[in-house]
Visitor: 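Pasting in a structure now, in C-alpha cells, and then I'll have a few things to ask.
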There are 2 protein chains.
Amino acid sequence: MPNGQYFKRWNVKFRYIRVMLSKKTKYGLKALTYLARVEGKEPVQIAEIAKQENISQKFLESILLTLRRNGFLGSKKGKGGGYYLIKEPKDIPMTTVMRVLEGPIAMVPCVSLNFYEKCDDCPDEATCSVHKLMLQVRDSALEVYRDNTLADLL
Amino acid sequence: MPNGQYFKRWNVKFRYIRVMLSKKTKYGLKALTYLARVEGKEPVQIAEIAKQENISQKFLESILLTLRRNGFLGSKKGKGGGYYLIKEPKDIPMTTVMRVLEGPIAMVPCVSLNFYEKCDDCPDEATCSVHKLMLQVRDSALEVYRDNTLADLL
DNA sequence: GAAAATCCTAGTAAATTGATAGGATAATAA
DNA sequence: TTATTATCCTATCAATTTACTAGGATTTTC
C-alpha cells in the first residue's frame, strides 16, 4: 500500500482516504428513511430509531435536531412525542439533505455552486486541471442527488 | 448556518463538510499536469514545481515520492535531476491517480469496488438507502474519472 | 406533579491533515 | 577526489475534525 499510510475509519485495511461519507450523514439518511417507511404520521422516538438502526442515541439526537432546524422534521415533546417528516418523501431531494448534513457537494470551493470561493493558491481557474476535473465530478454528483428524492431510496 | 459548526479548511465561511479533496491530491494533480505540460522529457525539479504551483516544497516532495512509488513518475538524482512522467498523459486515467492519492472512489466501503467491506451497523445492503444512493454516486464519479486522462486536463 | 420525551450547550479522546526537520544517498561537475 | 545538487526516507508535530458523551433544561402528557 502506498506510503505505508493506513486508515482506521472504515475499520481496517484502507489506504489513505478523504472522500467519504461521514457517520452523521449516514445516520441522518437512515433516520429519514426510517421515518419515511413508518406508517402514518405518528411521531417516532429517537430511542426507537437508534435501536433499530444501530446508532448511538445521543449522537442521533443531535443529528435529528439539525434535521428539524433545517426544515426536514417536526417534533413533539413529552409522552408519545418524537420526530416525524413534515414533507412527503418525494418532495425531499437528496441535494438538500446532503448540503445540510454533509456540506457543499463540490469537492473544492472553486467549483461550488452555493459556497464558491477562489482557491488562494491557484492564479487561474481557466487553466487549472483540478478545477476542470472537479467541475465534472460536481456535476455528476449533483445529477445523482437531484435525481433522487427520499422516496426513491425506500 | 446549521449547528453553529464552521469549517476552517477552505479558509472560512463553510459549514460542516467532509466530502472534499485533500491538498495532497490537489497538489499531486497539479504536479502531474505541470510535468505533462513541460516540453520534452527532461527531469523537472521539485523546487521548480513547488514555486510555480505555490506548493510547500517539502510537502510536494512526499507527494512526488508517492507518485513515483506507484509508477507514475521516474526520477533522477543529482544535478540536472528531478521528476518526469514515465507514461504518456493520455495513458494516465484519473481513476488510478485518484485511487493512489485520495483512496477509494466510493464514499462508503459497502459500495467500493476495490476495497469492499460490509458496514457493521447495517444488517442488509439490499434495503439500505445509503447503499442505494452511494452506489449511484460511486458510478457517476467513476464515469468521470474513467473519461478523463491526464491529457484531457491540459 | 411525575414521567416521558425532546432541547441545548459543552466537552472529549482518537484520528487525520498538512505540513516540517534532518539527515542519507546518489549523480554530476570541478 | 571532493563539492554540489538533487532526490530519498523516516519521524515528528500542531491544528483541526470526527464521532461521540455528559448533563441538565424544557415541554407535554397522564
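No hydrogens, no waters, no symmetry mates; every other heavy atom, side chains included, goes into these values. These numbers come from a predicted model, not from an experiment. The chains referred to below are lettered A, B, ... by the order of the sequence lines, with proteins before strands, and numbering in each begins at 1.
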Visitor: Show each protein N/O and nucleotides 28-30 of chain D N/O combination with a separation under 3.5 Å, one pair to a line.
Guide:
unit_1 : atom_1 : unit_2  : atom_2 : d
D:dT29 : OP1    : A:Lys76 : NZ     : 3.4

Visitor: CG of B:Leu60 versus P of D:dA6: gap in Å, rounded?
Guide: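 In whole Å, D:dA6 P lies 15 Å from B:Leu60 CG.
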Visitor: I need the CD-C1' distance between B:Glu102 and C:dT17, as an integer number of Å.
Guide: 11 Å
Visitor: May I have the distance from B:Lys24 (atom NZ) to C:dG18 (atom C1'), rounded to whole angstrom?
Guide: 11 Å
Visitor: A:Tyr83: what forms a ring pair (Phe, Tyr, Trp, His ring centres under 6.0 Å) with it, not counting sequence neighbours?
Guide: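 Partners of A:Tyr83 by the ring pair (Phe, Tyr, Trp, His ring centres under 6.0 Å) criterion come out as none, since no residue qualifies.
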Visitor: Is the phosphate of D:dC20 approached by A:Tyr27 (side-chain N or O, under 4.0 Å from OP1 or OP2)?
Guide: yes
Visitor: State whether A:Arg69 places a side-chain N or O below 4.0 Å from either non-bridging phosphate oxygen (OP1 or OP2) of C:dC8.
Guide: yes
Visitor: Tell me the interatomic distance from A:Met20, atom CE, to C:dA15, atom C1', rounded to whole angstroms.
Guide: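 Going from CE in A:Met20 over to C1' in C:dA15 covers 12 Å.
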Visitor: Between A:Ser22 and D:dT17, is there a contact of a side-chain N or O with OP1 or OP2 at under 4.0 Å?
Guide: no
Visitor: How does the hydrophobic cluster around A:Tyr84 look, that is, which other residues are in it when side-chain heavy atoms under 4.5 Å mark a link?
Guide: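 Answer for A:Tyr84: A:Ile86.
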Visitor: What integer distance in Å separates A:Leu65:CG from D:dA22:P?
Guide: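 So the CG-P distance, A:Leu65 to D:dA22, works out to 18 Å.
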Visitor: Examine the side chains of A:Ser140 and B:Glu143 and answer whether a donor and an acceptor come within less than 3.5 Å of each other.
Guide: no
Visitor: Can you tell me if B:Lys118 has over 12 outside heavy atoms packed within less than 6.0 Å of its NZ?
Guide: yes
Visitor: Using a 3.5 Å cut-off and no angle test, enumerate the donor-acceptor pairs between side-chain atoms of residues 147-154 of chain B and protein atoms at least two apart in sequence or in another chain.
Guide:
unit_1   : atom_1 : unit_2   : atom_2 : d
B:Asn148 : OD1    : A:Gln136 : NE2    : 3.3
B:Asn148 : ND2    : A:Gln136 : OE1    : 2.8
B:Asn148 : ND2    : B:Val144 : O      : 3.0
B:Thr149 : OG1    : B:Ala151 : N      : 3.2
B:Thr149 : OG1    : B:Asp152 : OD2    : 3.1
B:Asp152 : OD2    : B:Thr149 : N      : 2.7

Visitor: Mind checking side chain to side chain contact (heavy atoms under 4.5 Å, CB included) for A:Glu53 and listing every partner two or more places apart, or none if nothing turns up?
Guide: A:Lys30, A:Tyr34, A:Ile49, A:Ile55
Visitor: Which whole-number value in Å describes the distance from B:Asp121 CG to D:dA19 C1'?
Guide: 13 Å
Visitor: Looking only at side-chain N and O atoms, does A:Arg68 come under 4.0 Å of OP1 or OP2 in C:dC7?
Guide: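 Indeed, a polar side-chain atom of A:Arg68 lies that close.
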Visitor: Taking 4.0 angstrom as the limit, do A:Asp121 and B:Lys26 come out as a salt bridge?
Guide: yes
Visitor: If I take atom NZ in residue B:Lys26 and atom P in nucleotide C:dA19, what distance separates them, rounded to the nearest angstrom?
Guide: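 So the two atoms are 10 Å apart, to the nearest Å.
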Visitor: Given A:Ser112 and A:Glu117, is the side-chain hydrogen bond (donor to acceptor under 3.5 Å, both in side chains) satisfied, shown in steps?
Guide: CA-CA 8 Å; A:Ser112 176; A:Glu117 191 90 9; over 6 Å; no
Visitor: Check this for me: does any side-chain nitrogen of one of A:Lys58 and A:Glu61 sit under 4.0 Å from a carboxylate oxygen of the other?
Guide: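 Yes, this pair counts.
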Visitor: Just checking B:Leu64: base, sugar-phosphate only, or nothing, at a heavy-atom cut-off of under 4.0 Å?
Guide: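 No contact at all - B:Leu64 keeps every heavy atom at 4.0 Å or more from the nucleic acid.
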Visitor: From CD1 of B:Ile46 over to C1' of C:dA27, roughly how many Å is that when rounded to an integer?
Guide: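 For the pair B:Ile46 CD1 and C:dA27 C1', the rounded distance is 15 Å.
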Visitor: Taking N or O atoms only and anything under 3.5 Å, show me the protein contacts with nucleotides 20-23 of chain C, one pair per line.
Guide:
unit_1 : atom_1 : unit_2  : atom_2 : d
C:dT20 : OP2    : B:Ser56 : OG     : 2.5
C:dG22 : O6     : B:Lys58 : NZ     : 2.2

